[in-house]
Every structure is written in C-alpha cells, then in structure tokens.
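Below: one structure, written as structure tokens.
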2 protein chains.
Amino acid sequence: MSRNGKLATDLVQKLERDIVTGVLKPGDKLDERSLSERFGVSRTPVREALQTLAGSGLVATMPRRGTIVASITVADLIEMFEVMAELEAMCARLAARRMARTDIEKLIALGNECGTLQEHADADAYYEANVNFHEVIYAGCRNSFLERQTKNVRNRLAPYRRLQLHRPGRVKKSNAEHSEILDAISTGDAERAGRLMHQHVAVQGEALNDLLAIVPRGYLEPLAS
Amino acid sequence: MSRNGKLATDLVQKLERDIVTGVLKPGDKLDERSLSERFGVSRTPVREALQTLAGSGLVATMPRRGTIVASITVADLIEMFEVMAELEAMCARLAARRMARTDIEKLIALGNECGTLQEHADADAYYEANVNFHEVIYAGCRNSFLERQTKNVRNRLAPYRRLQLHRPGRVKKSNAEHSEILDAISTGDAERAGRLMHQHVAVQGEALNDLLAIVPRGYLEPLAS
DNA sequence: TACACATTTCTGGTATACAAAAATCCATAG
DNA sequence: CTATGGATTTTTGTATACCAGAAATGTGTA
C-alpha cells in the first residue's frame with residue numbers, strides 16, 4: 001500500500017500536514033502548475049500526490065475543473081462524526097482489553113499533560129496533547145488496520161474538530177472526559193471505555209448546533225453540490 | 001472525492017472488479033506496460049488507476065519494484081475481519097433504527113432468494129445474493145460515509161471471504177443467520193441486529209483456523225514482509 | 001445597459017520521451 | 001558445477017509536450 005515515487009510522497013506529507021493543521025482550509029484551490037513551481041518539481045508528481053490525497057478524501061477533484069481542499073456538506077459532517085465516534089469507541093474497548101502497563105503509564109502522563117495545559121487555557125497546545133492522548137489509545141487497540149482507518153477519518157475531520165476546542169468550556173469538559181476514559185481503560189472496563197469514548201467524540205444535539213454555528217463560511221458546501 | 005480522468009476511472013472499475021471477483025488473485029503482478037497495451041491507453045492513466053487502487057488498499061506498490069494485487073499477512077487478515085465485523089454491526093444497528101418499510105421488503109426478498117439458492121447448493125450464485133443482502137443493509141444505515149467505508153473494507157476482504165462459502169455447511173449456516181438478522185432489523189431491535197451481524201461476520205476461533213486452512217498459497221504473505 | 005454569442009485563454013487530461021534503479025542474463029573464475 | 005561479477009534489459013519514476021474542454025473575456029446588438 002506504500003505510495004509512489006519519493007517526490008510525490010514528500011508532497012503528500014507536506015500537503016496533508018498543511019490541510020490537517022489548518023494552513024490550507026476547506027475550499028482552497030490547489031492548482032497543479034503553482035504547486036509544481038512552488039516545490040520545484042514537474043506536474044507529474046504533483047498530480048500523483050493530489051490523487052493520493054483525493055483517495056484519502058482530504059482533497060476533492062472535479063474532472064476538468066481542478067482540485068480543492070475537501071469541503072463537505074453538513075450531512076457529510078454528521079455522518080462522519082457518527083462513524084468517528086464508533087471507531088474511537090472500538091479503539092477504546094480494545095485498548096481497555098489489550099493495552100500493556102507501559103502504554104497505560106504513557107496514557108496517564110498524557111492525561112496529566114492535558115490537565116495542566118487545560119488549566120493554562122492554551123487551546124492550541126491542548127489540541128496537540130489531546131491528539132497525542134487519542135493516538136496512544138488508537139495504538140493501544142493493537143489493531144494497526146483499525147488504527148490507520150481511525151486516523152484517516154480523524155484527519156478528514158481535523159479542520160472541523162479543531163474549531164470545537166475554541167468554544168469556551170469545551171476544553172475543561174473534554175479533559176474531565178479524558179479522566180473518566182483513562183480510568184475505564186486502566187481498570188480494563190472495555191464496555192465503559194467504549195461508551196465514554198463514544199460520548200466524548202460524538203457530536204449530537206446542542207453540540208452539533210454549536211459546532212455548525214462556528215464553522216466559517218466556505219468550510220461547508222451547500223447540500224446540492 | 002471523484003476520481004480523475006475517464007480512462008483512469010474505467011480502468012479502476014475494471015481492475016477492481018477483476019480483483020474482487022477473483023479473476024486477479026493476490027500476488028498477481030500488474031505491470032504498467034502490459035496493462036496500457038491491453039487497454040489501448042498510455043501508461044499515464046494506468047498509473048493513475050494503480051495509485052487509486054493502492055489508495056483503497058486493493059493493490060500494493062513497492063517503490064521501483066512495481067505493483068501487485070494486495071496480498072496481506074495473517075495478522076492483517078485477522079485485524080481486518082475484526083474491523084469488518086464492527087462496521088457491519090454498526091450498519092445493522094443503524095439499519096434496524098432507520099430502514100424504511102420498502103427497504104425491509106427488499107431485504108426480505110433477498111433473504112428469500114438466498115434461501116432458495118442455498119437449497120440448490122449453488123455457492124457462487126449464493127455469494128452474489130449474499131452480497132446484495134448485505135449491501136441493502138449497508139444502504140439501510142442511511143449513512144453514506146459508513147456505507148462507502150464498509151464497502152471498501154469488504155472489497156479488500158473479498159478474495160478471502162469468497163473462500164469461506166466453499167466450505168461444506170457454511171452456506172446453510174450463513175442463511176440461517178440471515179434470517180435472524182432480518183428478524184431483528186424488521187422488529188427494530190438495533191442491539192440484537194448489531195450483535196447478530198457481528199457474530200455473522202466475525203471470524204474467530206475454529207472458523208479462523210478453517211479459513212486459514214483453505215487460503216491458497218500466495219494469497220498470504222509471510223509476516224516479515 | 002444588459003444579454004447573447006464568439007473567441008481566447010487557462011487548466012487539466014493524455015501521450016511520449018528520457019533517466020534511474022532493479023532484475024536478468026551471461027561469462028568467467030573458483 | 002556453482003557462485004560471483006558485470007553488462008544488458010526491463011520497468012518504474014520524472015519531465016515535457018500536446019490536446020481538449022471549460023471558464024473568462026470581449027464584442028456586438030437589442
């Protein structure tokens with residue numbers, strides 16, 4: 001499943017990072033000539049990179065009309081969060097059953113880090129630690145296929161998820177939920193870990209409205225795409 | 001997320017079909033020149049198609065060493081079935097809650113078709129009907145993202161799943177499980193539908209050994225890939 | 001001024017040419 | 001007879017050139 005040529009691989013990583021971290025925003029145009037000039041390569045590896053990214057859903061290419069950073073519909077957003085919650089819940093269930101002691105230590109450390117960062121009210125730093133916390137759980141499920149699958153969906157939701165944490169109070173609540181999840185995992189309570197993680201990730205009811213309210217114009221495309 | 005040029009899209013569909021239906025087997029080499037000659041196009045769309053397929057995991061390309069139909073390790077197989085069971089269970093749960101009456105009628109019809117085909121002991125025809133049965137449930141979850149995700153994993157497992165049904169008695173058992181799942185969905189019992197579907201799809205214990213025993217040489221690669 | 005149509009221009013899709021790495025083959029030496 | 005080394009060949013990775021289709025622009029007429 002490994003990617004193609006080295007140039008294309010580098011491009012994929014660079015662009016992926018820019019999209020996930022928000023440097024490139026949903027709707028931004030990615031034209032092949034600019035990218036090839038900017039990176040000093042020909043159009044061929046650029047196209048390969050864009051196709052790879054299209055395959056993972058991070059960009060969308062309309063035939064004869066170029067490619068843009070993927071912007072999804074509200075319906076897509078809801079659907080993807082629904083799946084994301086389930087995938088993370090599965091990771092948490094398996095992690096509760098399979099994580100080694102040393103991994104749990106790491107999770108505890110990251111949980112503490114999240115706690116201190118939360119008190120300092122640094123949303124961006126918290127976001128980083130939060131990502132790490134979740135990734136340790138992905139790894140803890142001991143199913144590398146599930147781990148990849150989960151990360152892929154997470155990346156696609158990253159531009160939207162990032163917005164959540166800038167809501168007042170969300171960081172604190174998120175951190176409290178982490179503690180509970182951590183407890184469930186370290187005591188090996190798979191069902192509880194899964195249930196808590198599902199609630200932690202799912203975006204339902206008011207939370208959904210709140211999220212939609214702060215999504216910038218252009219991040220979402222009209223339903224009639 | 002739509003694919004690139006028309007030629008590449010056609011190639012993707014053709015190759016995908018050949019891989020999923022078993023015309024092309026895991027480990028088969030796919031060299032660009034042969035394919036381009038065989039389909040009367042240049043190497044460019046061929047490469048695009050292969051990259052797209054690599055993105056969905058159906059083929060594997062090693063840098064500078066060409067691409068083959070993906071063959072996975074035993075560990076991968078186990079992991080993927082674990083995820084597959086969960087995805088299908090989620091589909092079933094949601095389907096039980098969301099399927100419309102007309103969809104359920106369709107599901108009943110397909111269930112019956114599976115039943116008659118099972119009595120005729122036609123494994124290949126049953127396989128087709130079985131695929132349809134499951135796809136109606138995928139669609140019934142009313143989450144197109146989950147549907148795509150599930151189909152993708154199913155396609156990747158297709159070469160191995162197909163082997164299962166050629167085991168004596170498996171078809172009959174499978175059909176009985178369908179009936180139960182159908183009942184759970186039509187009565188709206190989401191939890192039961194999910195649990196039954198999970199058991200239906202999961203490959204555990206003896207069933208796993210049975211499956212591994214009939215996987216032909218070359219379908220699986222050594223763990224040290 | 002607004003709209004319709006033609007032309008131009010720009011961008012993406014495809015083909016081909018070239019370069020570099022790997023696999024193969026053959027010869028030669030042990 | 002086998003193994004090793006290098007030359008050859010094959011195949012992939014990259015660049016470039018060419019073509020086609022869609023958007024943008026400009027012009028003329030109502």
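Side-chain nitrogen and oxygen atoms of A:R33 include none within less than 4.0 Å of the OP1 or OP2 phosphate oxygen of C:dC10.
Within the structure, every pair that satisfies the salt bridge (Lys or Arg N to Asp or Glu O under 4.0 Å) test and touches residues 133-146 of chain B, not counting sequence neighbours, is listed here: B:D103-B:R142, B:E135-B:R154.
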I'd like a table of atom pairs between the protein and nucleotides 15-17 of chain C - only N or O on both sides, under 3.5 Å - with the distance next to each one.
residue	atom	partner	partner atom	Å
C:dA15	OP2	B:S42	N	2.9
C:dA15	OP2	B:S42	OG	2.9
C:dA15	N7	B:T44	OG1	2.7

Please tabulate the protein-to-nucleotide N/O contacts below 3.5 Å involving nucleotides 5-8 of chain C, giving atom names and distances.
none

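With sequence neighbours left out, the side-chain contact (heavy atoms from CB on, under 4.5 Å) criterion links B:R101 to B:I104, B:E105. Taking B:A139 as the reference, B:E147 meet the side-chain contact (heavy atoms from CB on, under 4.5 Å) condition, with sequence neighbours excluded. Residues passing the ring pair (Phe, Tyr, Trp, His ring centres under 6.0 Å) test with A:H200 are A:H134, A:H178, sequence neighbours excluded.
Per the geometry, CE belonging to A:M62 stands 13 Å off C1' belonging to D:dA23, to the nearest Å. The distance between atom CZ of A:R64 and atom P of C:dG12, rounded to the nearest whole Å, is 11 Å. Distance A:D31 CG to C:dG13 P: 12 Å, rounded to the nearest Å. The separation between B:I68 atom CD1 and D:dT11 atom P is 16 Å, rounded to whole Å. What separates CG of A:L50 from P of D:dT14 is a distance of 14 Å, to the nearest Å. Distance, B:F39 CZ to C:dT14 P: 15 Å, rounded to whole Å. Per the geometry, CD belonging to B:E32 stands 14 Å off C1' belonging to C:dA22, to the nearest Å. Taking atom CG of A:L11 as the reference point, atom C1' of D:dA15 lies 14 Å away to the nearest angstrom.
A donor-acceptor pair is defined here as one N or O able to donate and one able to accept, closer than 3.5 Å; no such pair exists between the side chain of A:D10 and the backbone of A:L7. Using modelled atom types, one side-chain atom of B:E79 and one backbone atom of A:S144 make a donor-acceptor pair closer than 3.5 Å. With hydrogens and angles ignored, the 3.5 Å screen pairs a side-chain donor or acceptor of A:D76 with a backbone N or O of A:T73.
Here the shortest heavy-atom pairing between A:Q164 and A:L211 reads CG-CD1, 3.8 Å.
Checked options B:R93, B:K151, B:R161; the residue passing with B:E88 is B:R161 (criterion: salt bridge (charged side-chain N to carboxylate O under 4.0 Å, His left out)).
Remark on DNA chain D: of its neighbouring residues A:R65 and A:E48, the 5'-side contact belongs to A:E48, judged by nearest-heavy-atom nucleotide.
Between C:dG12, C:dT14, D:dT12, one nucleotide has an atom nearer to the side chain of B:R47 than all others, and that is D:dT12.
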